[in-house]
Student: 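I'd like to ask you about the structure that follows.
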Amino acid sequence: MYLNDTLKNKARKPQLELQPRQKCWTRLPLRRLFAANIGYTSANSAPHNCRAHWKPWGVAFVVAAFCALPHAVMGQDEPENKGLTLRGSIQTDMLVPENDKQTGATKANGDFLNNTYVELGASLKNIDVGLRLEYLQYPLPGFEPDFKGWGVPHYYIKWQTKRMELTAGTFYEQFGSGFVLRTYEERSLGIDNSLLGGRVKVNPLPGVFVKALAGKQRRYWEHNDDWVAGGDLELNIEQWLLGMQEHDHYLMLGASVVNKNEPDEVIMTDASHRLRLPRNVMAYDVRARWQHGAYNVLAEYAQKGQDPTADNGYIYRHGYVAMLSGSYSKQGLSLLLQAKRSVNMGFRSRRSMMGTSSFINHLPAFTLEHTYALPAMRPYATQPLGEWAYQASLGYKLKKGTALGGRYGTALKLNFSHVHGIDQNVHGTKGTDGYGSAFWAWGDATYYQDLNLQMEKQWSHALKTTLMYMNQRYNKTVVEGEGGMIHANIFVADVKWKMSPRTTLRTEAQYLQSKDDDGDWLFGLLELSLAPSWMFTVSDQYNSGSTRTHYYQALVTFSHGAHRLQVGYGRTNHGYNCSGGVCRYIPATKGATLSYSYNF
């Protein structure tokens with residue numbers, strides 16, 4: 001599962017961990033892109049060499065670039081010459097922790113913790129360069145142990161014309177919905193799975209978009225030993241058939257392929273037998289998107305070859321994911337319907353890795369990401385071993401001037417999410433294909449369910465209210481490892497009052513009713529905004545069930561131009577911070593906080 005349980009449960013240790021003899025992670029591995037002998041050593045085996053066999057991929061990468069170059073530049077004007085442009089940003093989050101017996105918060109990691117990022121970039125004509133300094137030597141609580149460190153892990157140089165873009169260094173990329181490739185940065189989760197290598201993007205013909213890349217994936221302060229290479233093609237058919245545009249029809253067809261080349265390692269099935277591990281694991285993705293007026297339909301299918309890993313118990317079953325998504329949107333009405341089935345589709349660049357790092361792909365959760373405190377207290381984490389996921393969302397705005405719509409109109413939102421396990425006919429363990437599973441068959445367990453209704457009403461120019469009801473089923477055993485099924489009813493009231501042109505007061509009252517886990521919860525918030533610079537916030541989250549504990553916070557925020565400074569003091573409850581179905585466990589904390597950001 002996409003959970004960082006490092007601070008709660010001790011992760012399984014891989015039986016053997018290979019490490020490069022020499023680390024040169026601060027240099028571009030372009031030499032290794034074409035041909036290289038890479039040596040590996042381990043603590044419990046004699047030194048040996050494992051040839052990477054990446055010369056064909058390197059040649060293919062260069063051939064693709066040179067073949068695309070004439071089409072990209074022939075007859076194309078260069079972009080307008082631009083002078084030197086400098087840009088940058090600073091972000092730092094600090095915590096001065098305190099020990100707190102009631103919540104279990106400690107300052108075991110140090111008396112002063114902070115995560116700091118400094119980005120610098122420059123552009124001149126067609127050239128763009130950038131780098132990022134990260135100082136995480138004393139990180140905030142809840143990150144994996146290897147997250148600690150400091151350095152310049154992100155750097156790149158990019159050359160771009162109207163039809164082509166070449167990148168060398170570290171970069172982020174996504175093919176389609178990310179089922180076979182998505183590299184991205186999410187600082188709140190401690191995720192940065194960028195690739196270090198090269199990438200080319202080409203638009204050789206109208207409606208034709210091609211990508212090719214190769215590189216090694218970042219894992220905190222090093223890069224995994226394997227190589228990741230792939231290509232993506234998207235065709236916008238309406239660019240060739242003008243009659244489609246005249247009738248407001250648009251069709252996109254796409255295909256992707258990604259290969260992981262990973263050195264061999266010793267994984268034993270018993271005292272005398274070891275696994276024959278695949279050196280290359282191929283994944284591909286096909287998709288189609290059709291759009292007509294207010295209608296939009298996306299169908300996508302991805303499949304992965306045999307990939308025995310620590311995640312799936314080293315079985316050899318092929319993985320796949322199938323998704324169908326449809327939406328309708330016009331003024332005052334919107335509808336979204338989605339369904340997804342995934343089986344054994346976790347795809348890492350390091351087979352023995354656990355936790356949140358080293359994922360090549362991404363499986364989005366078909367659940368609503370809530371922003372209110374109590375609805376967001378138990379978020380869902382995607383289960384890459386297999387799940388059926390469904391989501392339906394309806395939005396409707398009652399017309400102004402009607403009995404229900406009132407003078408300013410009323411917005412209604414209804415959302416339903418359901419995630420269920422897949423049926424598994426288990427017929428083997430490590431070293432076998434593991435299990436069979438009929439496509440439409442459900443398993444016995446519900447993983448997550450969320451039904452919520454929200455109403456927003458503007459009563460006057462000064463007063464706006466938001467009311468929400470949510471019914472939630474959360475399988476804590478599946479998502480976190482223990483705890484059983486939790487049923488909860490959650491109520492939210494949000495009132496925003498514009499007291500004057502520069503003064504706004506917002507209040508929240510929330511109640512979670514449950515007979516499971518810690519029982520009932522209450523939450524209250526007051527937020528006073530003094531435009532354009534100041535905001536004062538006080539809140540308290542109280543467990544009225546089993547623990548009778550207050551989690552209070554006071555925050556002062558100051559904004560001026562590109563500067564934003566926030567100072568605060570209080571407690572935070574332990575739990576999970578999630579984004580897109582990927583979650584990080586955060587222990588309880590108490591202390592003073594400071595956050596500062598600046599962009600130029």
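FYI, side chains are in, hydrogens and waters are out, and symmetry mates aren't considered; it's all heavy atoms of this structure.
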Student: Heavy-atom distance under 4.5 Å between the side chains of S325 and L336, does that happen here?
Tutor: yes

Student: If you take all heavy atoms of R341 and S437, which pair is closest and at what distance?
Tutor: NH2-OG, 2.6 Å

Student: So, the side chain of T432 versus the backbone of G434: is there a donor-acceptor pair under 3.5 Å, distance only?
Tutor: yes

Student: Tell me if the OH atom of Y135 is crowded by more than 12 foreign heavy atoms within 6.0 Å.
Tutor: yes

Student: Measure the spacing between OG1 of T183 and CG of N361 and express it to the nearest 0.5 Å.
Tutor: 11.5 Å

Student: How many angstroms lie between CD in Q510 and CD in Q541, if you round to the nearest 0.5 Å?
Tutor: 8.0 Å

Student: Would you give the length of the straight line joining atom NZ of K464 to atom OG1 of T504, rounded to the nearest 0.5 angstrom?
Tutor: 12.0 Å

Student: Is the shortest heavy-atom distance from the side chain of M345 to the side chain of P384 under 4.5 Å?
Tutor: no

Student: Is there a side-chain contact (heavy atoms from CB on, under 4.5 Å) between L565 and L594? Walk through the geometry before answering.
Tutor: CA-CA 7 Å; L565 176 67; L594 185 148; 4.0 Å; yes

Student: Please determine whether side-chain contact (heavy atoms from CB on, under 4.5 Å) holds for the pair I360 and V180, giving the CA-CA distance in whole Å, both sets of side-chain angles, and the decisive distance to 0.1 Å.
Tutor: CA-CA 7 Å; I360 299 172; V180 296; over 6 Å; no

Student: State, to 0.1 Å, how close P375 and V492 come at their nearest heavy-atom pair, and which atoms those are.
Tutor: CG-CG2, 4.0 Å

Student: Could you walk me through whether D423 and W440 pass the side-chain contact (heavy atoms from CB on, under 4.5 Å) test, one step at a time?
Tutor: CA-CA 9 Å; D423 182 58; W440 297 106; over 6 Å; no

Student: Can you confirm whether the side chains of K457 and T465 place a donor and an acceptor under 3.5 Å from each other?
Tutor: no

Student: When you compare the side chains of Y314 and R351, does any donor N or O come within less than 3.5 Å of an acceptor on the partner?
Tutor: no

Student: Quiz question: by atom type and distance under 3.5 Å, do the side chains of S194 and D192 form a donor-acceptor pair?
Tutor: yes

Student: Any salt bridge between D516 and K476, counting N to O under 4.0 Å?
Tutor: no

Student: Check the side chains of Y551 and N543 for a donor-acceptor pair under 3.5 angstrom, ignoring hydrogens and angles.
Tutor: no

Student: Are Y172 and E185 packed together at the side-chain level, in the sense that at least one heavy-atom pair is separated by less than 4.5 angstrom?
Tutor: yes

Student: Between the main-chain N or O of L404 and the side-chain N or O of T410, is there a donor-acceptor pair closer than 3.5 Å?
Tutor: yes

Student: Just say parallel, tilted or perpendicular for the rings of W534 and F558, cut-offs at 30° and 60°.
Tutor: tilted

Student: Go through the side-chain N and O atoms of N344 and N312 and say whether any donor and acceptor fall under 3.5 Å apart.
Tutor: yes

Student: State whether a side-chain donor-acceptor pair under 3.5 Å links H427 with D433.
Tutor: yes

Student: Can you tell me how far apart CE (M470) and CZ (F491) are? Round to the nearest 0.5 Å.
Tutor: 12.0 Å

Student: Once you measure the plane-to-plane angle for F143 and F147, does it fall in the parallel (<30°), tilted (30-60°) or perpendicular (>60°) bin?
Tutor: parallel

Student: Using modelled atom types only, decide if a donor and an acceptor are shared between the side chain of Q458 and the backbone of Y408 within a distance under 3.5 Å.
Tutor: no

Student: Quick one, Y435 and N425 - any side-chain contact, counting heavy atoms below 4.5 Å?
Tutor: no

Student: Between D540 (side chain only) and G524 (backbone N and O only), is there a donor and an acceptor less than 3.5 Å apart?
Tutor: no

Student: With no hydrogens and no angle check, just 3.5 Å: does a side-chain donor-acceptor pair link D520 and Y511?
Tutor: yes

Student: Using the side chain to side chain donor-acceptor pair (under 3.5 Å) definition, which of the options D100, T103, T589 pairs with R571?
Tutor: D100

Student: Examine distances only and state if a side-chain atom of T269 and a backbone atom of G431 form a donor-acceptor pair shorter than 3.5 Å.
Tutor: no

Student: State, to 0.1 Å, how close K107 and N99 come at their nearest heavy-atom pair, and which atoms those are.
Tutor: N-OD1, 3.0 Å

Student: Determine, stepwise, if the pair K304 / Q306 fulfils side-chain contact (heavy atoms from CB on, under 4.5 Å).
Tutor: CA-CA 7 Å; K304 180 191 67 165; Q306 292 180 338; over 6 Å; no

Student: Assess, by modelled atom type and distance only, whether the side chains of Q303 and Y301 contain a donor and an acceptor separated by less than 3.5 Å.
Tutor: yes

Student: Looking just at side-chain N and O atoms, do D450 and Y380 make a donor-acceptor pair shorter than 3.5 Å?
Tutor: no

Student: Restricting to non-hydrogen atoms, name the atom on F347 and the atom on A283 that form the minimum distance, rounded to 0.1 Å.
Tutor: CE2-CB, 3.8 Å

Student: Does NZ or CZ of R218 fall inside the cone over W221's six-membered ring, less than 6.0 Å from its centre and within 45° of the axis?
Tutor: yes

Student: Are any of the side-chain heavy atoms of Y220 and S358 separated by less than 4.5 Å?
Tutor: no

Student: When you look at CH2 of W442, are more than 12 heavy atoms from neighbouring residues, nucleotides or ligands closer to it than 6.0 Å?
Tutor: yes

Student: Looking only at heavy atoms, which two atoms of Q383 and V478 are closest? And how far apart?
Tutor: OE1-O, 3.6 Å

Student: S595 and D93: side-chain donor and acceptor closer than 3.5 Å?
Tutor: yes

Student: Just wondering, are more than 12 heavy atoms of other shown residues or ligands nearer than 6.0 Å to CG in D444?
Tutor: no

Student: What orientation do Y320 and F439 show, parallel under 30°, tilted 30 to 60°, or perpendicular over 60°?
Tutor: parallel

Student: Test E300 against R289 for salt bridge (Lys or Arg N to Asp or Glu O under 4.0 Å), laying out the working first.
Tutor: CA-CA 9 Å; E300 189 164 356; R289 181 190 297 275; over 6 Å; no

Student: Is any side-chain heavy atom of S539 closer than 4.5 Å to a side-chain heavy atom of F523?
Tutor: yes

Student: Grab the two heavy atoms, one from H362 and one from G580, that are nearest each other, plus how far apart they are.
Tutor: CE1-O, 3.0 Å

Student: Please confirm whether the backbone N or O of S357 pairs with a side-chain atom of R348, one donor and one acceptor, at under 3.5 Å?
Tutor: yes

Student: Name the residue from H487, E480, Q449 that meets the side chain to side chain donor-acceptor pair (under 3.5 Å) definition with Y474.
Tutor: E480

Student: How about T466 and Q454: do any of their side-chain heavy atoms sit closer than 4.5 Å?
Tutor: yes

Student: Determine whether a donor-acceptor pair (N or O, by modelled atom type, separation under 3.5 Å) exists between the side chain of Q472 and the backbone of R378.
Tutor: yes

Student: What do you reckon, is OH of Y372 surrounded by more than 12 foreign heavy atoms closer than 6.0 Å?
Tutor: yes

Student: Ignoring hydrogens and angles, tell me if any N or O in the side chain of E222 forms a donor-acceptor pair with the backbone of N224 under 3.5 Å.
Tutor: no

Student: When the aromatic ring centroids of Y542 and W521 are compared, is their separation below 6.0 Å?
Tutor: no

Student: Enter the distance from L412:CG to M455:CE here, rounded to the nearest 0.5 Å.
Tutor: 7.0 Å

Student: Check for a donor-acceptor pair, side chain of K430 on one end and backbone N or O of M268 on the other, with a separation under 3.5 Å.
Tutor: yes

Student: Among side-chain atoms of E186 and S188, is any donor-acceptor pair under 3.5 angstrom?
Tutor: yes

Student: Is the side chain of E144 donor-acceptor paired with the backbone N or O of T356 at a distance under 3.5 Å, no angle test?
Tutor: yes

Student: Charged N to carboxylate O under 4.0 angstrom, R350 versus D226?
Tutor: no

Student: Can you confirm whether the side chains of R287 and S256 place a donor and an acceptor under 3.5 Å from each other?
Tutor: yes

Student: Measure the NZ-CG distance between K413 and L453 for me, rounded to the nearest 0.5 Å.
Tutor: 11.5 Å

